[in-house]
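Just so we're on the same page: letters track the sequence lines, and every chain starts at 1. Nothing here was measured: the structure is a model prediction, and the numbers come from that model.
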2 protein chains.
Amino acid sequence: MTVTIKDVAKKAGVSPSTVSRVLSNHPRISLETSRKVKIIMEEMGYTPNMMAKSLVSKTTNSICIILPKPAEELFSNLFFMELIRGIVTQASRSGYDVLISSGANEKEELEAVSRLLKGRRVDGAILLYSRKDDAVIEFLETGGYPFVLIGRSDRYENILSVDNDNVMAAYDATNHLITMGHERIGFVSGPSELIVSRDRLEGYRKAMESNGLEMRPEWIVEGEFLQDSGYRAMSFFMNLPNRPTALVAVDDMVSFGVLRGLTELKYKVPEDLAIVSFNNIPLSQLSSPPISSIDIGIYHLGYTASQVLIQSIKNPNNHDGYTNRFVIPHRLIIRESSMYSASKK
Amino acid sequence: MTVTIKDVAKKAGVSPSTVSRVLSNHPRISLETSRKVKIIMEEMGYTPNMMAKSLVSKTTNSICIILPKPAEELFSNLFFMELIRGIVTQASRSGYDVLISSGANEKEELEAVSRLLKGRRVDGAILLYSRKDDAVIEFLETGGYPFVLIGRSDRYENILSVDNDNVMAAYDATNHLITMGHERIGFVSGPSELIVSRDRLEGYRKAMESNGLEMRPEWIVEGEFLQDSGYRAMSFFMNLPNRPTALVAVDDMVSFGVLRGLTELKYKVPEDLAIVSFNNIPLSQLSSPPISSIDIGIYHLGYTASQVLIQSIKNPNNHDGYTNRFVIPHRLIIRESSMYSASKK
DNA sequence: ACAATTTACGACAACGTTTGCACTACATTA
DNA sequence: TAATGTAGTGCAAACGTTGTCGTAAATTGT
């Protein structure tokens with residue numbers, strides 16, 4: 001029922017090839033025919049069939065976002081929404097469609113990626129986060145598929161990636177607290193298999209060390225990027241005999257959990273515990289008190305990732321050599337949760 | 001380079017058709033050949049080419065989500081993340097991929113939809129929200145494309161839609177405040193071209209009326225689903241000579257704005273102004289005080305929409321007649337922001 | 001034991017594009 | 001004038017599937 005290139009051709013009294021060439025602005029088509037055909041296309045309401053196009057061109061003009069394993073949980077983090085927004089916006093501007101994919105477990109995830117890339121449903125992929133060891137990266141890398149990683153991998157050196165300098169960011173966050181006079185500073189980390197967790201932990205360590213501050217093992221707890229982890233970490237910290245006066249949390253959601261707990265126990269923020277965390281999701285400024293956060297430019301991260309990916313799809317062998325890794329700048333946003341000068345005892 | 005059905009066929013010593021039939025578990029294939037072919041497929045790492053498949057089957061096993069016009073803003077609302085999560089989860093379970101699409105303006109939006117549906121890149125669409133008059137709905141309806149609306153349309157009666165009973169929800173919210181002893185109740189609405197705004201306003205009206213309470217025009221203000229609107233509404237209300245003691249806000253984000261303003265002015269919630277709003281986004285329980293909200297089951301809304309759409313794609317003429325409209329139940333979550341019995345003066 | 005049916009498979013034509021090649025008019029050049 | 005070039009178009013073969021139809025061989029019924 002739908003009108004095809006042949007229908008247009010017939011009505012215009014030309015061959016299908018000509019219509020196709022009109023469509024792609026082939027130089028060797030006379031202005032006259034071009035105009036005529038275009039009018040007929042308009043009249044008949046012709047829309048190119050993407051499937052047929054893709055079949056022959058071996059390209060789909062779409063990319064996919066691979067969400068990490070426990071997508072359900074992670075989805076609840078506004079972080080991903082921002083990222084997706086950046087990706088979709090840029091991709092849309094470049095004429096690409098965006099497909100969202102996730103699997104219940106790593107095996108399913110790999111299957112999905114394989115189906116999408118090998119099955120030529122998409123031209124490339126954007127990976128969010130990265131574990132130390134990632135089967136999906138392995139697959140994409142050995143398959144030679146275009147992809148970019150949001151985050152970084154320490155196994156593969158030459159893959160395209162867009163990331164923050166998380167070590168430096170954590171250094172800055174910690175240093176800010178130190179500047180405010182804090183000496184006993186705790187750290188709530190994310191899953192240790194995530195590189196971002198380890199990078200931020202390292203930045204915290206560096207800042208503590210270079211300021212000659214003591215680092216107690218019990219001041220570092222590992223959790224998830226979720227509220228609950230913050231809640232638990234909070235109750236752990238507050239029961240410590242020599243508890244921290246400030247803490248750095250790996251994600252704003254964690255801070256919210258901490259905040260909730262402290263409020264329940266009638267503690268004051270930042271007087272009883274100062275907080276700085278990461279990502280600066282829109283809600284950070286809405287909590288009470290608003291929490292200080294490292295703005296890592298999430299939207300920008302997504303936008304750039306999409307740009308880099310599409311660029312690499314269009315120009316696969318443009319391996320500049322220099323620029324495989326794109327670093328998005330971060331910025332410390334100081335809010336009430338850390339605006340209290342601890343008195344040095 | 002990639003291995004096709006023909007390569008497998010050649011290696012297995014059978015015809016391409018046979019391989020295809022093995023793939024689709026055709027009954028008339030001997031167990032022996034089936035096994036042999038399957039082994040070879042595995043060996044050669046065969047993955048079906050979705051484009052070719054789609055071309056002949058005229059079906060893509062994917063759906064798209066059409067985000068409303070000002071996607072940028074709306075994206076910042078956790079609401080959409082929840083919705084997308086529900087959609088992606090269900091679609092993924094049904095073996096469908098999800099494509100996200102949005103346009104900068106209504107024209108672009110329509111172009112995108114047309115390209116996706118007419119170009120056969122997706123099998124159906126999920127529309128979020130609905131304006132009173134919607135060109136996209138018009139297009140989908142007249143084109144006979146499968147789609148479901150999250151929200152409702154008052155122009156088209158017989159389209160598939162998944163929605164809450166927003167009138168009833170607003171009635172419940174308002175009634176809750178009345179039960180708490182409030183008599184002067186304000187309402188912060190959303191854009192009046194959104195049906196959801198009007199439905200909720202109507203519910204508010206009904207509740208006020210059936211309780212014989214006065215409704216002043218200045219107690220109803222129109223804004224966006226954004227914090228700022230709440231902030232502005234708040235300062236408007238609080239400067240009224242005969243100001244409301246409670247208010248119903250059309251979205252939690254609006255409440256946050258109200259809250260922020262009240263806090264700045266040292267007003268107490270709920271003592272000076274009680275608040276109830278809609279959507280119950282995860283943050284509602286994190287603000288201080290936590291705000292009472294109507295949980296509309298956002299995830300469920302998305303999940304159901306996907307289910308209904310895919311069902312209608314697979315079975316286009318299963319027009320039950322009864323069940324075009326799916327209503328997701330709502331639930332009033334009472335939190336601190338409304339837990340104060342106003343003394344009847 | 002012979003027709004009738006069933007089983008298991010192959011040939012081939014779609015699906016709607018793109019694209020290399022060939023062909024026809026002319027126009028240009030030597 | 002003949003050779004060469006070029007602009008504009010058509011033909012036909014791909015791209016990787018699916019599905020209809022046909023047909024041997026195997027099975028069944030009588």
Worksheet item: Tell me, which of residues 36-47 of chain A have any heavy atom that sits under 4.0 Å from an atom in DNA chain C?
Response: Y46(A), T47(A)
Item to complete: For S20(A), answer base if it contacts any base atom (sugar-phosphate contacts may also be present), sugar-phosphate if it contacts only those atoms, and nothing otherwise; contact means non-hydrogen atoms under 4.0 Å.
Response: base
Discussion item. Considering every strand and a 4.0 Å limit on heavy-atom distances, what is the contact class for K6(A): base, sugar-phosphate, or nothing?
Written reply: base
Interatomic distance, [X] [atom1] vs [N] [atom2] [rounded to whole Å]:
| X | N | atom1 | atom2 | result |
| --- | --- | --- | --- | --- |
| L23(A) | dT17(C) | CG | P | 8 Å |
| L55(A) | dG16(C) | CG | C1' | 9 Å |
| R120(B) | dC15(C) | CZ | P | 12 Å |
| D7(B) | dC15(D) | CG | C1' | 13 Å |

Item to complete: Using five pairs at either end of the helix from dA1(C)-dT30(D) to dA30(C)-dT1(D), determine the angle between the two local helix axes and round it to 10 degrees.
Response: 40°
Could you pull out all donor-acceptor pairs under 3.5 Å where a side-chain atom in residues 48-58 of chain B meets a protein atom, sequence neighbours excluded?
residue, atom, partner, partner atom, Å
N49(B), OD1, M51(B), N, 2.8
N49(B), OD1, A52(B), N, 3.0
S54(B), OG, M50(B), O, 2.9
S54(B), OG, T59(B), O, 3.1
S57(B), OG, K53(B), O, 2.9
S57(B), OG, T59(B), N, 3.4
S57(B), OG, T59(B), O, 3.3

Worksheet item: K53(A) side chain N/O closer than 4.0 Å to the phosphate oxygens (OP1, OP2) of dC15(D)?
Response: no
Worksheet item: Residues in side-chain contact (heavy atoms from CB on, under 4.5 Å) with S62(B), at least two apart?
Response: R121(A), T60(B), D97(B), V122(B)
Worksheet entry | Sequence-aligned protein contact record of nucleotides 4-10 of chain D, with B where the base is within under 4.0 Å of a protein heavy atom and S where only the sugar-phosphate is | ---BBBB
Using atom names, set out every protein N or O paired with an N or O of nucleotides 27-29 of chain C below 3.5 Å, distance rounded to 0.1 Å.
none

Discussion item. Heavy-atom count check: over 12 atoms from other residues, nucleotides or ligands less than 6.0 Å from K11(B) NZ?
Written reply: no
